[in-house]
Amino acid sequence: MKPDFVSKNKIFYTLSISLMVLTVIFTFVFGLNLDIQFKGGSIISYSYSGELNTDDVQAVAENTLGEQVAVQGKTDVATGNSAIDISLGAERGLSLDEIDGLTAALQEAYPDNSISMTDSNNVDPTIGREFFAKCMVAVAFAVVLMIIFIAFRFRKIGGLSAGVMCMLALLHDMIMVYATFVVCRFPINENFIVAVLTILGYSINNTIVVYDRIRENKRLSGSKMSIRELVNLSIGQSVTRAVNTTVATVIALSVICVVALIYSVESIMSFAFPMMIGMISGVYTSLFIAPTLWVVWQEHKLKKKTQVEAA
């Protein structure tokens with residue numbers, strides 16, 4: 001007995017809608033953690049030797065600057081040196097005098113730790129918002145191009161409807177990547193944009209494989225098979241390839257996550273882990289969301305056409 005994926009579409013849709021609703025709830029509960037390059041502010045990096053307590057460093061920095069800051073410890077994988085990042089989200093950047101004052105205060109508080117400033121960045125809030133808007137436009141533009149490509153390539157099976165259903169599946173994948181950033185409290189920065197664009201390309205590739213099987217099976221069977229039978233056959237032929245490819249990629253990303261966790265490299269973790277979740281979401285939507293939505297739409301068109309002819 002051949003598996004019937006299409007008849008289980010309500011289960012798939014319920015699961016996807018539930019995940020998206022939970023994402024909205026988590027956004028309100030946890031809040032959105034925009035990084036400095038998107039919301040504006042300052043980030044100063046220091047290298048040091050020995051041991052430092054980040055809570056104590058935070059207290060020194062807040063007393064010196066008179067504003068709330070965030071302190072994050074990290075390890076430079078290349079050199080093995082310990083370092084800290086002091087970030088300040090504000091409507092203005094820190095002046096050179098304020099940065100010099102903070103450096104002097106830390107060196108005075110920890111004279112035996114050889115504290116040295118390695119980098120400092122100021123981002124104006126207006127520039128940060130403009131940069132975020134441009135990134136979102138780039139994502140939207142990529143999605144539009146993908147829809148046009150699918151509409152042209154699969155025009156023999158209703159390419160535009162296939163492209164639109166693929167877009168809905170891609171939207172699901174982007175929301176899952178976003179949900180990972182929200183739940184894990186990763187700062188939304190350039191890693192978020194890169195992860196989303198990468199998942200878009202990966203997910204659409206899997207979807208194209210399924211659509212290609214639908215087109216080929218339709219050419220071979222002609223009108224002998226119904227739309228549901230056609231899509232069930234095509235999904236069944238694509239499952240093994242899609243799952244095996246995803247599992248191999250997820251294993252590689254898992255190793256990267258473990259290494260990033262061991263060495264406390266958040267910049268890598270905040271990219272690799274959302275990518276892993278996006279990969280899993282991508283294979284799910286490519287197999288069970290985009291093609292089944294396409295079936296629903298094609299059956300709706302066929303039913304409407306039959307009603308018009310009967311009238």
Side-chain angles (χ1 to χ4, degrees), residues 1-20 22-23 142-143 146 149-150 153-154 157 162-163 165-180 183-184 194-218 220-221 225 227-260 269 271-296 298:
M1 181 178 179
K2 296 181 179 179
D4 187 357
F5 301 101
V6 178
S7 64
K8 298 179 176 61
N9 58 357
K10 292 183 179 179
I11 298 175
F12 302 140
Y13 303 158
T14 301
L15 175 61
S16 295
I17 292 173
S18 300
L19 290 173
M20 288 187 280
L22 284 175
T23 300
V143 171
M146 290 176 182
F149 170 75
I150 290 179
R153 180 171 177 178
F154 298 101
I157 60 170
M165 300 314 163
C166 182
M167 182 199 67
L168 295 176
L170 293 177
L171 178 62
H172 176 282
D173 298 335
M174 288 189 288
I175 291 175
M176 291 302 100
V177 172
Y178 166 78
T180 307
V183 174
C184 296
V194 174
V196 166
L197 290 174
T198 305
I199 292 303
L200 288 182
Y202 181 89
S203 181
I204 198 172
N205 180 63
N206 280 334
T207 307
I208 286 174
V209 171
V210 178
Y211 282 161
D212 192 57
R213 296 308 308 159
I214 293 173
R215 182 179 59 182
E216 185 66 17
N217 288 327
K218 184 177 181 181
L220 294 174
S221 65
M225 301 177 67
I227 295 177
R228 284 180 173 248
E229 291 173 334
L230 187 67
V231 172
N232 278 326
L233 174 63
S234 302
I235 294 175
Q237 293 172 338
S238 307
V239 165
T240 302
R241 173 201 174 277
V243 171
N244 287 345
T245 303
T246 301
V247 168
T249 309
V250 167
I251 290 174
L253 288 171
S254 300
V255 173
I256 295 174
C257 288
V258 171
V259 173
M269 176 64 78
F271 172 75
F273 187 67
M275 274 284 295
M276 188 167 62
I277 300 301
M279 292 283 183
I280 297 171
S281 174
V283 71
Y284 162 72
T285 57
S286 297
L287 293 173
F288 307 127
I289 299 298
T292 58
L293 283 173
W294 181 80
V295 170
V296 172
Q298 293 299 317

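Note that the structure is a prediction, hence the values are computed from the model and not measured. Side chains are part of it too, since the values below use all heavy atoms of this structure and drop only hydrogens, waters and symmetry mates.
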**Student:** How are the rings of Tyr284 and His172 set relative to one another: parallel (under 30°), tilted (30 to 60°) or perpendicular (over 60°)?
**Tutor:**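 Ring orientation, 0 to 90° scale: tilted.
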**Student:** Which pairs count as salt bridge (charged side-chain N to carboxylate O under 4.0 Å, His left out) when at least one residue sits in residues 249-258, sequence neighbours excluded?
**Tutor:**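 Sorted pair list comes back empty.
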**Student:** Is any side-chain heavy atom of Asn217 less than 4.5 Å from a side-chain heavy atom of Met225?
**Tutor:**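 No. Closest side-chain heavy atoms not under 4.5 Å.
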**Student:** Indicate the atoms forming the closest heavy-atom contact of Phe273 with Cys184, along with that distance.
**Tutor:**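 Closest approach of Phe273 to Cys184, heavy atoms only: CE2-SG, 3.7 Å.
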**Student:** Taking all non-hydrogen atoms of both residues into account, name the closest pair between Val250 and Ile280 and its distance.
**Tutor:**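 Closest heavy-atom pair between Val250 and Ile280: CG2-CG1, 4.1 Å.
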**Student:** Looking only at heavy atoms, which two atoms of Met176 and Ile277 are closest? And how far apart?
**Tutor:**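 Result for this residue pair: O-CG2, 4.2 Å.
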**Student:** Report yes if some heavy atom in the side chain of Gln298 is under 4.5 Å from a heavy atom in the side chain of Val231; otherwise report no.
**Tutor:**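 No; the side chains remain at least 4.5 Å from each other.
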**Student:** Taking only residues two or more places apart in sequence, or in another chain, which ones meet Asp4 in a salt bridge (Lys or Arg N to Asp or Glu O under 4.0 Å)?
**Tutor:**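 Listed in chain order: nothing, the list is empty.
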**Student:** Do you know which two heavy atoms are closest between Cys166 and Thr207, and how far apart they sit?
**Tutor:**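 It is SG-CG2, 3.9 Å.
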**Student:** What heavy-atom pair brings Phe288 and Tyr13 nearest, and what distance separates the two atoms?
**Tutor:**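 Between these two residues, the closest heavy atoms are O-CE2, 4.5 Å.
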**Student:** What are the two closest heavy atoms between Gly278 and Ile199, and how far apart are they?
**Tutor:**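 In this case the closest contact between Gly278 and Ile199 is C-CD1, 3.5 Å.
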**Student:** Please determine which of Val243, Thr245, Asn244 meets the side-chain contact (heavy atoms from CB on, under 4.5 Å) test together with Arg241.
**Tutor:**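 Checked Val243, Thr245, Asn244 against Arg241; only one passes side-chain contact (heavy atoms from CB on, under 4.5 Å): Thr245.
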